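The structure under discussion appears below in the form of structure tokens.
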Number of protein chains: 4
Amino acid sequence: MKEELTKHSVVLFQQKGFSETSIQDIVDSIGVTKGTFYYYFTSKEMLLMEIHERYIDDLLNRQKAILEQIESYRAKIVGIVKLIIHDLQTQGPNGRIYFREMRNLAPENVEKIKKKREAFRLNVEQVLRDGIQAGEFRENLQPKMIAFAILGVTNWSYQWFNPSGDVSVQELADMYVDFILNGIISERD
Amino acid sequence: MKEELTKHSVVLFQQKGFSETSIQDIVDSIGVTKGTFYYYFTSKEMLLMEIHERYIDDLLNRQKAILEQIESYRAKIVGIVKLIIHDLQTQGPNGRIYFREMRNLAPENVEKIKKKREAFRLNVEQVLRDGIQAGEFRENLQPKMIAFAILGVTNWSYQWFNPSGDVSVQELADMYVDFILNGIISERD
Amino acid sequence: MKEELTKHSVVLFQQKGFSETSIQDIVDSIGVTKGTFYYYFTSKEMLLMEIHERYIDDLLNRQKAILEQIESYRAKIVGIVKLIIHDLQTQGPNGRIYFREMRNLAPENVEKIKKKREAFRLNVEQVLRDGIQAGEFRENLQPKMIAFAILGVTNWSYQWFNPSGDVSVQELADMYVDFILNGIISERD
Amino acid sequence: MKEELTKHSVVLFQQKGFSETSIQDIVDSIGVTKGTFYYYFTSKEMLLMEIHERYIDDLLNRQKAILEQIESYRAKIVGIVKLIIHDLQTQGPNGRIYFREMRNLAPENVEKIKKKREAFRLNVEQVLRDGIQAGEFRENLQPKMIAFAILGVTNWSYQWFNPSGDVSVQELADMYVDFILNGIISERD
DNA sequence: TATGAATGAGCGTTCATTCAT
DNA sequence: TATGAATGAACGCTCATTCAT
């Protein structure tokens with residue numbers, strides 16, 4: 001039941017937004033009463049918190065696996081990009097909430113989640129830094145800014161990409177890996 | 001007064017979100033009463049609509065100028081990237097609302113705004129398409145997806161970039177132009 | 001278990017009030033679940049009813065003993081005053097509920113308790129009436145009003161007296177006996 | 001309207017208790033909506049706070065007048081007793097709330113009211129102390145405890161006395177003045 | 001004897017909106 | 001042009017109670 005509530009909440013939050021989704025909406029969507037919701041969650045915020053935490057924890061775990069298993073820094077970046085893009089299909093709504101609704105958490109919870117999100121980004125930064133030193137990436141890159149740029153490319157796709165449209169998730173991932181690695185210019189200046 | 005209301009609304013919406021900002025909050029921030037608000041706006045949604053429309057119209061105008069005045073396609077892309085990034089400083093709050101709060105518009109209004117946002121993106125797409133044909137950009141690019149990638153890099157910065165931090169808006173813009181044009185890889189494989 | 005539930009309820013009711021204490025609070029305080037509560041009590045009101053009834057029945061019994069065993073009417077009054085005041089220490093919380101929470105009983109239960117409370121008071125009244133006739137008390141007293149006055153002095157102490165403070169229960173009882181018998185004036189006019 | 005709301009609230013609180021009276025009950029009783037209530041009061045607690053404060057402030061003012069205008073200490077005590085008893089008629093419901101519902105205020109507000117209530121009692125204590133020294137009252141009295149006893153007699157009447165019954169407020173006041181001054185015993189032992 | 005899941009009614013509160021002035 | 005009183009619907013949440021197990 002708790003799982004059920006979470007699952008339906010995620011879909012609703014993604015469709016209408018956290019503030020715009022009422023507990024009534026959630027419980028109506030699975031035919032139980034509000035009391036039931038509060039039997040499983042102490043508050044609406046706690047539900048959002050759980051969704052956030054579960055998502056980022058999962059992401060961090062899988063990022064860790066990539067960082068440990070793959071050797072070249074280029075391959076690590078490729079792995080992380082593909083990780084995010086592939087989630088579009090399997091975790092779509094979860095991700096869309098994750099990338100939007102954080103304002104509605106209490107300050108202390110925002111902090112907790114922010115730390116984990118930063119950890120994810122800092123890992124990307126570290127790969128870039130190491131890869132620059134190893135000569136795999138260009139020397140004049142600012143790791144921090146470029147990490148944000150890469151995450152911008154991938155995360156932004158959660159705003160518009162339709163996994164069941166013309167372009168498949170695989171194709172998108174390949175294109176973005178190529179874009180990130182090579183840019184768009186036809187030949188070096 | 002209408003201007004005043006809009007300006008303060010933008011700041012509040014950006015800080016707390018549209019749903020989380022009450023009309024009371026808005027009018028309190030400039031010391032008038034709710035009646036006054038409804039003298040100038042027919043509804044809270046209409047205010048949001050105006051903010052959106054004004055922002056995207058302005059963006060489209062300036063994009064148009066770039067497209068018309070600059071010759072090379074590379075330069076056009078550079079121009080558009082710099083346009084978005086520079087707005088971080090001058091239009092920060094406006095942009096942040098623009099990139100987030102669209103859910104709260106009625107379907108017909110969403111459609112209206114969406115069309116204009118698409119126009120902006122389609123212009124980027126067109127530049128890419130033309131640039132590919134002209135040999136300025138790599139041939140194997142999918143213009144649509146790459147347009148989204150470029151906008152991802154730039155728009156995402158509205159989520160985290162602090163214009164008064166270590167890195168200036170100019171520096172960020174330069175870095176992102178470089179990233180978009182050249183990617184991160186050190187040398188072609 | 002029933003005893004356990006009652007005992008903890010009494011303490012909680014006294015601390016927070018009947019309406020402000022939830023069944024959850026009660027069962028949490030002894031580590032069982034709500035189901036258990038409803039196994040032993042048909043409703044929250046019934047618990048309150050039992051507390052009230054038990055308290056007043058006990059009080060009536062002990063009042064009866066005093067009325068039967070002691071001869072002089074003055075001594076009977078002294079006995080009753082001491083009975084109430086001494087309960088402050090042994091029955092504190094019980095008494096405090098008794099003197100406050102009756103509103104939350106159903107009308108028919110209120111009636112039942114009220115009758116017993118009245119019986120207690122009427123016994124005081126009777127002692128006064130008999131004592132006046134026997135010349136032990138002043139002639140111009142209205143027994144009913146004076147009974148209320150005496151109970152006011154004693155019962156009110158449940159609102160403020162701290163049995164473990166400077167003044168002991170014994171001292172308070174002695175003072176109040178003296179006050180009730182002699183008043184405060186220094187000499188007869 | 002605010003006055004109206006307060007007046008009806010007082011009656012309802014007295015009849016059913018604070019927790020047992022809903023905002024809906026209050027607004028229904030004068031045919032407005034809940035929104036109206038919250039236009040005038042920031043919370044239910046604030047309403048209770050206002051009732052308390054208004055009542056105790058008024059009481060303190062009138063007590064002050066008595067303390068200043070009347071010379072003998074006996075007369076001062078008589079004045080205070082009559083003040084409280086007479087309020088039964090004019091302020092009945094207000095008083096009944098005052099003597100019961102304080103648990104529902106936030107700690108800081110409880111403190112504020114408690115201080116004022118204590119001031120009232122301490123004034124009685126002071127009169128007793130001065131009166132003892134002046135020889136108007138018996139020497140062996142403990143002012144603090146006796147102050148509580150006197151207030152017990154008077155305040156308790158708010159629990160049972162019906163001003164429109166057999167005994168008038170004046171008669172009750174006279175009886176209680178007599179009781180407090182002389183006690184009930186027929187002759188000294 | 002005790003649990004735990006579920007209910008449903010109600011509560012205090014918020015808020016966009018209306019409208020007479 | 002602006003106010004302030006009022007509305008009414010909705011919201012997050014609580015809680016006494018039920019009941020199958």
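In this text the structure is predicted, and so the values were computed from the model without any measurement. A note on names: the letters A, B, ... follow the listed sequences, proteins ahead of strands, and every chain is numbered from 1.
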Could you tell me how far apart [X] ([atom1]) and [N] ([atom2]) are, to the nearest whole angstrom?
X        : N       : atom1 : atom2 : value
Leu47(A) : dC13(F) : CG    : C1'   : 14 Å
Asp28(C) : dC15(F) : CG    : P     : 11 Å
Ile26(A) : dC11(F) : CD1   : P     : 11 Å
Leu5(C)  : dA2(E)  : CG    : P     : 9 Å
Tyr40(D) : dT7(F)  : OH    : P     : 9 Å
Phe41(D) : dC11(E) : CZ    : C1'   : 18 Å

Tell me, with the steps shown, if Glu108(D) and Lys115(D) meet salt bridge (Lys or Arg N to Asp or Glu O under 4.0 Å). CA-CA 11 Å; Glu108(D) 72 257 33; Lys115(D) 277 223 176 85; over 6 Å; no
Testing Trp156(D), Tyr158(D), Phe13(D) for ring-ring contact (aromatic ring centres under 6.0 Å, His included) with Phe99(D), which one passes?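 Only one option passes, and that is Tyr158(D).
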Look at the side-chain N and O atoms of Tyr39(C) and state whether any lies under 4.0 Å from the OP1 or OP2 oxygen of dT1(E).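 For Tyr39(C), the contact criterion (side-chain N or O under 4.0 Å from OP1 or OP2 of dT1(E)) is met.
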dG8(F), dT3(F), dA2(E): which one has an atom nearest the side-chain heavy atoms of Thr33(D)?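 Looking only at heavy atoms from C-beta outward on Thr33(D), the closest nucleotide is dG8(F).
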Are any of the side-chain heavy atoms of Met102(A) and His52(A) separated by less than 4.5 Å?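 When only atoms from C-beta onward are counted, His52(A) and Met102(A) do touch, with a gap below 4.5 Å.
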With respect to Asp25(B), which candidate in His8(B), Lys16(B), Gln15(B) satisfies the side-chain hydrogen bond (donor to acceptor under 3.5 Å, both in side chains) definition?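 It is Lys16(B); the other options fail the test.
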Between Arg54(B) and Glu3(B), is there a side-chain N and carboxylate O pair less than 4.0 Å apart?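 A salt bridge links Arg54(B) with Glu3(B).
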Complement of dT7(F), any strand, by Watson-Crick or G-U distances under 3.5 angstrom: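 Its partner is dA16(E).
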What string of B, S and - do you get for nucleotides 12-21 of chain E 5' to 3' if you count protein non-hydrogen atoms under 4.0 Å? BBBBBBB---
Report yes or no: is the cationic atom of Lys116(A) (NZ for Lys, CZ for Arg) closer than 6.0 Å to the six-membered ring centre of Tyr55(A), at no more than 45° off its axis?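 Judged by the rule, Lys116(A) and Tyr55(A) form no cation-pi pair.
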Let me spell it out: for each of Met1(D) and Val32(B), pick the nucleotide of DNA chain F with the closest heavy atom. Which residue's pick is nearer the 5' end?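 So the residue in question is Val32(B).
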